J.: 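The structure's right below; bear with me while I get my questions together.
Order of the sequence lines sets the chain letters (A, B, ...), proteins ahead of strands, with each chain counted from 1. These values consider heavy atoms only, across backbone and side chains, with no hydrogens, waters or symmetry-generated copies. Quantities reported herein were computed from a predicted structural model and do not represent experimental measurements.
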2 protein chains.
Amino acid sequence: MADQNQELRKAGLKVTLPRVKILQMLEASEQRHLSAEEVYKQLMEADEDVGLATVYRVLTQFEAAGLVVRHNFDGGHSVFELERGDHHDHMVCVESGQVVEFHNEEIEALQEAIAEKHGFELTGHSLVLYVKPKA
Amino acid sequence: MADQNQELRKAGLKVTLPRVKILQMLEASEQRHLSAEEVYKQLMEADEDVGLATVYRVLTQFEAAGLVVRHNFDGGHSVFELERGDHHDHMVCVESGQVVEFHNEEIEALQEAIAEKHGFELTGHSLVLYVKPKA
DNA sequence: CTAATTGCAAAAGCTTTGCAGCGCA
DNA sequence: TGCGCTGCAAAGCTTTTGCAATTAG
């Protein structure tokens with residue numbers, strides 16, 4: 001818990017109840033990928049009185065601070081994931097919504113090479129595989 | 001032009017003015033990637049009287065019919081691109097917004113392999129490289 | 001004490017939908 | 001002629017913002 005306060009302070013954010021609660025939620029949640037709405041609902045269930053607007057604001061701040069990564073999977077809403085320092089991409093099952101993480105160095109390297117070849121510098125990427133259970 | 005009517009009919013869509021106009025727009029546009037709003041604006045400029053709702057409906061139908069591909073780049077809105085049968089991914093310049101297409105067989109193959117390895121079948125993917133001009 | 005932060009409600013942006021009228025086949 | 005299609009306006013969703021009250025340092 002002190003760690004969290006550290007992280008918040010390091011990010012230049014005041015240690016407030018909503019921020020701590022949200023950070024705890026992200027760390028404790030079974031699902032590593034949560035939408036703002038899901039974070040909000042879980043806070044409500046835990047009887048934490050935090051407004052949805054605050055959830056959005058805090059998640060956006062966390063993103064800017066690098067504590068959290070935002071993904072835009074198909075479906076019109078963002079999902080947030082705690083930054084654990086291990087870069088990875090995602091596989092989303094189109095039937096169950098299940099999210100699987102993976103990392104592949106070859107792909108990473110190829111991306112760099114492709115950007116390079118076109119005269120660009122890679123600043124980021126988004127790779128999502130849409131999959132379904134093997135027949 | 002007859003080709004377009006063919007395509008529409010083949011997709012089970014009546015050949016109507018708005019649909020033909022939108023299809024022409026997509027074929028004629030310099031930008032291969034257009035948002036619904038952009039399609040709408042260009043239609044207005046061409047003095048074509050088509051409602052924005054219709055643009056959305058038609059693009060969605062085109063997508064279902066496989067005439068068009070929808071992309072969700074960062075930024076909360078979709079962009080549409082005419083399906084030309086050549087699968088490719090995208091590189092978006094974070095400074096200029098410029099979109100560059102590319103295709104890489106190795107990456108495609110790796111994606112298949114990864115999905116496979118996790119017990120899934122690949123149904124689609126989204127790969128976007130965010131880049132900036134090389135320093 | 002002072003500036004940052006929060007909650008609420010309202011607003012914004014993109015997209016979809018209901019419905020009456022119009023147009024293609 | 002008949003059903004599909006369109007336009008308009010209204011509604012829906014996620015996300016953002018204004019503002020007064022609250023809280024951290």
Side-chain angles (χ1 to χ4, degrees), chain A residues 1-2 4-23 25 33-44 46-65 67-80 97, chain B residues 1-2 4-25 33-44 46-65 67-80:
Chain A
M1 45 200 89
Q4 293 159 349
N5 298 3
Q6 284 295 321
E7 294 193 90
L8 290 174
R9 267 190 268 273
K10 197 161 41 178
L13 299 170
K14 277 191 181 174
V15 179
T16 64
L17 213 72
R19 299 218 256 241
V20 172
K21 289 302 175 194
I22 290 173
L23 198 48
M25 278 256 0
H33 308 83
L34 297 168
S35 66
E37 190 77 31
E38 285 169 335
V39 171
Y40 175 66
K41 276 199 205 119
Q42 294 200 29
L43 286 169
M44 297 297 270
D47 270 312
E48 300 295 347
D49 206 356
V50 178
L52 179 55
T54 299
V55 172
Y56 275 104
R57 271 186 293 232
V58 169
L59 287 174
T60 301
Q61 293 160 346
F62 282 6
E63 184 194 10
L67 295 176
V68 142
V69 182
R70 180 197 301 249
H71 302 290
N72 296 296
F73 298 161
D74 280 9
H77 63 290
S78 303
V79 301
F80 298 84
Chain B
M1 45 200 91
Q4 294 159 349
N5 299 2
Q6 285 294 321
E7 293 192 272
L8 290 174
R9 268 190 269 272
K10 197 159 43 179
L13 299 171
K14 275 193 185 174
V15 179
T16 64
L17 213 71
R19 300 218 255 241
V20 173
K21 289 302 175 195
I22 291 173
L23 198 47
Q24 284 181 353
M25 278 257 359
H33 309 83
L34 298 167
S35 66
E37 190 78 30
E38 285 168 336
V39 170
Y40 176 67
K41 275 197 205 124
Q42 294 200 28
L43 286 169
M44 297 297 270
D47 269 315
E48 302 294 348
D49 206 355
V50 178
L52 179 56
T54 299
V55 173
Y56 275 104
R57 270 186 295 231
V58 169
L59 287 174
T60 301
Q61 292 160 348
F62 284 5
E63 184 194 9
L67 295 176
V68 143
V69 183
R70 180 196 302 249
H71 301 290
N72 296 297
F73 298 161
D74 280 8
H77 63 291
S78 302
V79 301
F80 298 84

J.: In whole angstrom, what separates A/M44's CE from C/dG7's P?
T.: 10 Å
J.: Taking the side chain of B/H77 as heavy atoms from C-beta outward, which of C/dT5, D/dC8, C/dT15 is closest to it?
T.: C/dT15
J.: Considering just the side-chain nitrogens and oxygens of B/T16, establish if one lies under 4.0 Å of OP1 or OP2 belonging to D/dC5.
T.: no
J.: C/dC14 phosphate, OP1 or OP2: any side-chain N/O from B/S78 under 4.0 angstrom?
T.: no
J.: C/dG23, C/dT6, C/dT16: which one has an atom nearest the side-chain heavy atoms of B/K14?
T.: C/dG23
J.: Expressed in angstrom and rounded to an integer, what is the separation of A/D74 atom CG from C/dC14 atom C1'?
T.: 16 Å
J.: Nearest-Å distance, OH (A/Y40) to C1' (D/dT15)?
T.: 14 Å
J.: When rounded to the nearest 0.5 angstrom, what distance separates CG in A/L34 from CD1 in A/I22?
T.: 11.0 Å
J.: Write down the distance between CZ (A/F80) and C1' (D/dT14), rounded to a whole number of angstrom.
T.: 11 Å
J.: Could you check whether any side-chain heavy atom of B/L43 comes within less than 4.5 Å of a side-chain heavy atom of B/M25, counting everything from C-beta outward?
T.: yes
J.: Rounded to the nearest angstrom, tell me the gap between atom CD in B/E48 and atom P in D/dT6.
T.: 13 Å
J.: With a 4.0 Å cutoff (strictly under), does any side-chain N or O of B/T60 reach OP1 or OP2 of C/dT15?
T.: no
J.: If you round to the nearest 0.5 Å, how far is CG of A/D49 from NZ of A/K21?
T.: 12.0 Å
J.: Closest approach to the side chain of A/Y56, judged atom by atom: which nucleotide of D/dT6, D/dT16, D/dG7 is it?
T.: D/dT16
J.: Got a second to check how far A/H71's NE2 is from A/H33's NE2, nearest 0.5 Å?
T.: 5.0 Å
J.: With rounding to the nearest 0.5 angstrom, report the CG to CG distance, A/N5 to A/L13.
T.: 11.5 Å
J.: Measure the CD-CZ distance between A/E7 and A/F62 for me, rounded to the nearest 0.5 Å.
T.: 9.0 Å
J.: Using the closest heavy atom to pick a nucleotide of DNA chain C for each, name whichever of A/P18 or B/L52 lands nearer the 5' end.
T.: A/P18
J.: Expressed as a whole number of angstroms, how long is the span from B/R70:CZ to C/dC14:C1'?
T.: 11 Å
J.: If I take atom CD in residue A/Q61 and atom P in nucleotide C/dT6, what distance separates them, rounded to the nearest angstrom?
T.: 6 Å
J.: Should B/R19 be listed as having a side-chain N or O under 4.0 Å from OP1 or OP2 of D/dT6?
T.: yes
J.: Would you please confirm or rule out a distance under 4.0 Å between OP1 or OP2 of D/dG7 and any side-chain N or O of B/R57?
T.: no
J.: Determine: side-chain N/O of A/S35 to OP1/OP2 of D/dT14, distance under 4.0 Å, yes or no.
T.: no
J.: Taking the side chain as every heavy atom from C-beta outward, state whether B/L23 and B/L8 have any pair of such atoms under 4.5 Å apart.
T.: yes
J.: For B/L13 and for B/T54, find the nucleotide of DNA chain C with the closest heavy atom, then tell me which residue's nucleotide is more 5'.
T.: B/T54
J.: Between atom CD of B/Q61 and atom CZ of B/R19, what is the distance when rounded to the nearest 0.5 Å?
T.: 4.5 Å
J.: Picking from C/dT6, D/dG4, C/dA25, which would you name as closest to the side chain of B/V15?
T.: C/dA25
J.: Angle between the end axes of the helix from C/dC1-D/dG25 to C/dA25-D/dT1, five pairs per end, to the nearest 10 degrees?
T.: 30°
J.: Would you kindly give the CG-to-P distance between A/L59 and D/dT14, to the nearest whole Å?
T.: 15 Å
